[in-house]
Amino acid sequence: MKRTHHCNELRLDHVGQEVVLCGWVHSRRDLGGVIFVDVRDREGRTQTVFDPSVLPPEVFARAEALRSESVVQVAGKVRPRPEGTENPKIDTGQVEVVAREVQVLNPADPLPFPIDDPEAAAKVSEETRLRYRYLDLRRPEMQQRLRLRHRAALAVRQYFDELGFLEVETPMLFKSTPEGAREFVVPCRLHPGLFYALPQSPQQFKQILMVAGVERYFQLARCFRDEDLRADRQPEFTQIDVEMSFVDRENIYEVIEGLLARVWKTACGLDIPRPFPRLSYREAMDRFGTDKPDTRFGLELADLTDAFRESGFKLFAKIAREEGGAVKALNAKGFACVTQGQMETMTALAQSFGARGLAYIKVENGEWRSPITKFFGEQEKAALQERLRIEEGDLILFAAGPWQTACEILGRLRLYAAEVLEKQGKLQIPRDRFDFLWVVDFPLLSYDKEMNRWYSSHHPFTAPLPEDIPLLKESPKKVRGQHYDVVVNGVELGGGSIRIHQREVQRLIFEEVLRIPPDIAQARFGYMLEAFRYGAPPHGGIALGFDRMTALLAGVSSIREVIAFPKTAKGACLMTQSPGPVDERQLKELHIELKAPPLK
RNA sequence: GGGGGUGUAGCUCAAUUGGUUAGAGCGCUGCCCUGUCACGGCAGAGGUUGCGGGUUCGAGACCCGUCACUCCCGCCA
């Protein structure tokens with residue numbers, strides 16, 4: 001054995017024992033005579049003491065030559081620290097190991113960035129951290145995140161196992177299914193001109209598993225999407241993928257609420273309230289301006305469409321009378337102190353959604369200061385006062401236009417205002433609270449104006465509400481899908497649906513609603529339609545973003561913080577320099593010819 | 001594809017309106033120090049200011065291009 005104890009193990013009980021510790025030199029304090037070396041491993045750290053008066057000169061010389069992060073093995077005897085020198089900051093702070101021998105198992109060069117000082121390390125640029133990820137991961141904060149992720153994954157597996165689910169692996173080498181996200185394409189030697197594609201999700205396989213009689217499936221599934229990255233999006237990521245037979249929506253809610261309760265309890269000891277509230281898509285948009293509302297704070301949207309139909313403010317009146325038009329407002333309570341710059345930022349945000357400008361009212365010194373209130377009649381003012389409960393110091397923001405756009409504009413401004421107001425101490429957003437909820441009754445279909453056709457809001461296997469099926473052909477807009485999203489604190493954690501299991505309904509959606517030509521539907525989904533001929537049980541499922549979930553548990557805003565080896569915003573790995581070129585011979589074997597050499 | 005931000009020593013950051021030899025803290029190197037734990041003290045080394053052009057008597061700063069990182073929009077069935 002190279003070591004007898006780990007570095008977070010020794011206590012007063014061990015005093016007098018001969019021990020061997022292995023680890024990294026966390027810090028070395030050379031006082032000229034005595035030298036203290038903190039040895040760190042993944043469990044913690046322990047102080048070792050080198051005393052020249054009792055050590056052979058060559059051993060002491062090795063201790064003098066130690067450098068940060070060199071890997072060492074220290075043998076010695078545990079003793080209590082002299083009175084007054086205990087260190088309450090670390091778990092092993094009552095004792096120290098009087099070194100008898102030290103071996104340098106591997107020396108380390110000076111580090112590119114500090115890893116012993118949490119404050120300094122937290123400020124190091126992400127670029128540097130990613131380039132030297134193995135050093136970054138040595139930091140206790142990152143070690144804790146790796147453990148948190150592991151514990152969460154374990155809780156997921158145990159929970160589903162207890163409920164009789166089977167974890168089934170599905171292929172990574174799949175084929176292209178071009179209606180969804182852009183895919184990573186994989187060439188291969190045996191099939192010139194043909195390509196695998198990496199799955200954007202195991203959607204089709206998990207439905208086939210239901211036809212296969214698995215009944216309860218889950219998988220911690222790796223998924224791939226060749227789309228642009230964000231703080232919460234990586235080109236490869238992990239989903240908790242779930243599918244169940246003989247269920248309706250309520251069964252799925254129950255299973256997933258139980259899962260999340262278990263994970264939150266196991267990973268951070270929190271009891272989350274159940275059942276989760278449910279909001280229809282319509283209500284979520286109307287009240288919060290988004291389909292993934294953060295309900296930890298108020299600042300809800302008000303609808304003023306009816307109040308402005310006859311308004312003297314012609315722009316609002318016109319929109320309010322239009323089919324599908326809406327006039328909405330948001331009371332940013334206490335934000336009348338808004339600066340010019342903040343107003344410009346908000347105007348730019350509104351404009352990015354297609355608004356022409358941003359109308360507002362500042363409530364200061366008992367009066368409404370605004371470029372537009374002079375056009376308002378008493379009726380509009382009364383409606384505003386009543387629905388927005390306007391008080392001194394408030395800032396009212398308006399959005400008018402197509403209902404969805406008006407909601408989305410204010411939804412975005414609501415988040416911005418909340419962020420600013422929280423920094424100013426005028427709004428509390430509890431960090432330790434998790435507001436889970438279900439958003440339900442999404443429209444099954446959305447209309448693509450440019451392509452002049454309907455497309456699936458979620459995916460084409462989502463079942464319509466049974467009572468809406470007759471509307472499919474005449475008024476597709478009105479059809480609601482059996483789709484649901486689970487949302488927490490403004491983050492879309494996951495989504496799923498009850499699937500279509502009748503071949504005829506599926507064919508109707510493909511051919512008559514989505515207008516996918518039969519030969520193409522056959523080529524892409526033929527095997528599914530065929531499978532559904534042989535006894536497909538009613539089924540449904542969901543997929544949760546495991547990285548996002550872990551980031552929430554860790555209290556970090558980027559999923560890169562909970563992925564061991566994440567990629568940059570351009571999809572590169574700074575440590576391994578991937579993606580990289582391949583040599584001519586490989587290309588030839590794959591029957592691929594480059595039209596242009598790779599950039600760089 | 002579009003918009004914003006950043007790029008100066010190994011790391012984190014300064015550098016007035018464009019003006020002397022580009023500074024500081026940490027780290028590193030050397031010396032001193034026997035109870036420290038962010039040890040302390042003294043001294044020292046360390047720079048293609050991301051890269052390429054331009055404006056100017058003079059550019060880290062201004063202009064154009066480019067690269068990298070980051071945030072957002074589009075995109076993510």
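Convention: sequence-line order gives letters A, B, ...; per-chain numbering from 1.
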(message) So, does A:R560 get its side chain near the phosphate of B:C71, meaning an N or O under 4.0 Å from OP1 or OP2?
(response) yes
(message) For B:U36, does the base pair up with any side-chain atom of A:R81 as donor and acceptor (N or O, under 3.5 Å, distance only)?
(response) yes
(request) Work out which heavy atom in A:Y281 is nearest to a heavy atom in A:D441; give both atom names and the distance. (result) CB-O, 3.7 Å
(request) Searching all strands shown, indicate the nucleotide that pairs with B:A24 (Watson-Crick or G-U wobble; both distances under 3.5 Å). (result) B:U12
(message) Whether A:T568 contacts B:A68 is assessed here as follows: a side-chain N or O lying under 4.0 Å from the phosphate OP1 or OP2. Is that the case?
(response) no
(message) What I'd like to find out is whether the side chain of A:V72 reaches to under 4.5 Å of the side chain of A:V39, using heavy atoms alone.
(response) yes
(request) Identify the nucleotide, in any strand shown, that forms a Watson-Crick or G-U wobble pair with B:G7, with both distances under 3.5 Å; if there is none, say none. (result) B:C67
(message) If you compare every side-chain N and O of A:R225 against the phosphate oxygens of B:C75 (OP1, OP2), does one of them come in below 4.0 Å?
(response) no
(request) Classify the side-chain pair A:T92/A:E9 by whether it contains a donor and acceptor separated by less than 3.5 Å. (result) no
(request) Examine the base of B:G35 for any acceptor or donor lying under 3.5 Å from a partner atom in the side chain of A:R79, and report the outcome as yes or no. (result) yes
(request) Scan every strand shown for a Watson-Crick or G-U wobble partner of B:G40, both distances under 3.5 Å, and answer none if you come up empty. (result) B:C32
(message) According to a cutoff of under 5.5 Å between the ring centres and under 30° between the ring planes, does A:F113 stack with the base of B:C11?
(response) no
(message) Under 3.5 Å for both donor-acceptor distances, Watson-Crick or wobble: does B:C62 have a partner, and if so which one?
(response) B:G54
(request) Test A:R145 against every option in A:T550, A:L137, A:V556 by the side-chain contact (heavy atoms from CB on, under 4.5 Å) rule and name the one that passes. (result) A:V556
